[in-house]
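Each remark here refers to the structure printed beneath this line.
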There are 2 protein chains.
Amino acid sequence: MTVAEPTRREQILTTAAELFAARGFHGVSVAELGAACGISGPALYKHFPNKQAVLAEMLVSISEELLAVGRARVAAADGPAAAVRALVDWHVEFALGHRPLIIVQDRDWESLPDEASAQVRALQRKYVDLLAGQLRMLRPELAKPTAHAAAQAAFGLLNSTPRAGHAISDAELRTLLASMAVAALRA
Amino acid sequence: MTVAEPTRREQILTTAAELFAARGFHGVSVAELGAACGISGPALYKHFPNKQAVLAEMLVSISEELLAVGRARVAAADGPAAAVRALVDWHVEFALGHRPLIIVQDRDWESLPDEASAQVRALQRKYVDLLAGQLRMLRPELAKPTAHAAAQAAFGLLNSTPRAGHAISDAELRTLLASMAVAALRA
DNA sequence: TCCCTAGGTTAACGATCATTAACCTGGGTG
DNA sequence: CACCCAGGTTAATGATCGTTAACCTAGGGA
């Protein structure tokens, strides 16, 4: 069976993720992005209506994936403690596997067009609330805003991943971050 | 005694911090920044050589302050456990008091001119190493890169502060974040 | 065979911006 | 009093960039 060759749309999306992560959405010109894909400049408009749409597709799809898989893992978990651990593991797994996307997501989401921006914010909020909800089942003494803030802080910890230097192996980083996040959520 | 009225330079710096935090360095034009200060456009060049210099002064000075005070608190602490706690407390105190600066620091430092960028990176590295060093004294089993990654993750947690909604009081947020960070570092 | 269309190309346009030029003004100093 | 200059002003400049226009080409279906 043949290796699935990526469509040009996909190539543009992954290339854009790397470039945006490295220099920011506004720091990458359409011409650069095209060149990095082997085509040049305006050819991008055969695949996307404009530059913001590239960013939008990228961020909306990963927000959706994070939420969908997160929900599935919670549903499959045996109780809130397991659910919290499952969510942490899922997020660190995703973050390690898609470092550029994580960087772009929390640096450049303000550059989105209004509609997509609201959509991403809503998805992210649901994702944070997913963790916050499980956390409150585990620790009923937490008020809702407190649990939300704690969940957000845990994701902040996990999202520091991509900036890490390569002096430590992915496997070690994975267990380190997961155990730190779980400990923080238990505090 | 009269209230210390800020010099125009200072006004520009604090205004720029708020605007950059809200819309990103590239998202704020020189004209907008001037207007927000009550002057207009090119008048900024009477106080700074160019737009990047505003960002540079902002980021270098806060990096220096973080490091200097961090060192002082470590020196004043009674043992590594107290030093870790002091560093966490100092960072959360600073982050809560200077939310826009924290946002700008980890979103826009790549927009700095090369020299300033290197300077900020060096200061930040020393700051992270300060925490990592105390952590290794506390937990000698940690390898140096591991401790560094753990320290970075803890700062990632603490820097999630500014994005938090206002549904929770600063006082509560302060103790929540501090205890989460300390717990994560102990894990 | 003929034509349509998907997916390229280069050239041109218009907006936005950072930066510079040229000019003004009022208050403190020699 | 005369002058200087710090700190403004508006207008102009040049670069960059996103986007559009106009055009080309290969390949597959009627």
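Chain letters run A, B, ... following the sequence lines, proteins first and then strands; every chain starts at 1.
- Each of dT10(D), dG18(D), dG8(D) was ranked by its minimum atom distance to the side chain of Val30(A); first place goes to dG18(D).
- We find that CZ of Phe25(B) is positioned 8 Å from P of dA18(C), with the value rounded to whole Å.
- Checking the phosphate oxygens (OP1, OP2) of dA6(C), no side-chain nitrogen or oxygen of Arg8(A) falls inside 4.0 Å.
- When the side-chain nitrogen and oxygen atoms of His47(A) are compared with OP1 and OP2 of dG8(C), one or more of them lie within a distance under 4.0 Å.
- When rounded to the nearest whole Å, the span between CD1 of Ile39(B) and P of dT10(D) equals 12 Å.
- The separation between Arg9(B) atom CZ and dA6(D) atom C1' is 14 Å, rounded to whole Å.
- A salt bridge does not link Asp129(B) to Lys144(B): none of the charged nitrogens lies less than 4.0 Å from a carboxylate oxygen.
- Within a 6.0 Å sphere centred on CD of Glu141(B), heavy atoms belonging to other residues, nucleotides or ligands number more than 12.
- Mapped onto DNA chain C by nearest heavy atom, Lys46(B) and Gln52(B) fall at different nucleotides, with Gln52(B) at the one closer to the 5' end.
- Of the listed nucleotides (dT9(C), dT19(D), dC17(C)), dC17(C) has the atom at the smallest distance from the side chain of Ser29(B).
- Between the CG atom of Asn50(A) and the C1' atom of dA15(C) there is a distance of 16 Å, rounded to whole Å.
- Note: CZ (Phe20(B)) to C1' (dA18(C)) measures 12 Å, nearest angstrom.
- A side-chain hydrogen bond (donor to acceptor under 3.5 Å, both in side chains) check over residues 85-95 of chain A, counting only residues at least two apart or in different chains, returns the pairs His91(A)-Tyr127(A), His91(A)-Asn159(A).
- The interatomic distance linking Leu33(B) (CG) with dC17(C) (P) rounds to 13 Å, in whole Å.
- Checked against dG8(D), dT19(C), dG18(D), the side chain of Tyr45(A) finds its nearest nucleotide in dG18(D).
- The ring pair (Phe, Tyr, Trp, His ring centres under 6.0 Å) contacts involving residues 40-84 of chain A comprise nothing, where partners must be two or more places apart or lie in separate chains.
- The CD-C1' distance, from Glu32(B) to dT19(C), rounds to 17 Å in whole Å.
- Nucleic acid contact class of Lys51(A) (heavy atoms, under 4.0 Å, all strands): sugar-phosphate only.
- Atom CG in Leu44(A) sits roughly 10 Å away from atom P in dT9(C) (whole-Å rounding).
- Interatomic distance, CZ of Arg107(A) versus CG of Asp108(B), reported as 8.0 Å (0.5 Å rounding).
- Ranking dG8(C), dG7(D), dA21(C) by closeness to the Pro42(B) side chain, first place goes to dA21(C).
- The side chain of His26(B) contributes no N or O atom lying less than 4.0 Å from OP1 or OP2 of dC17(C).
- As judged by a 4.0 angstrom heavy-atom cut-off over every strand, Val54(B) is placed among residues making no nucleic acid contact.
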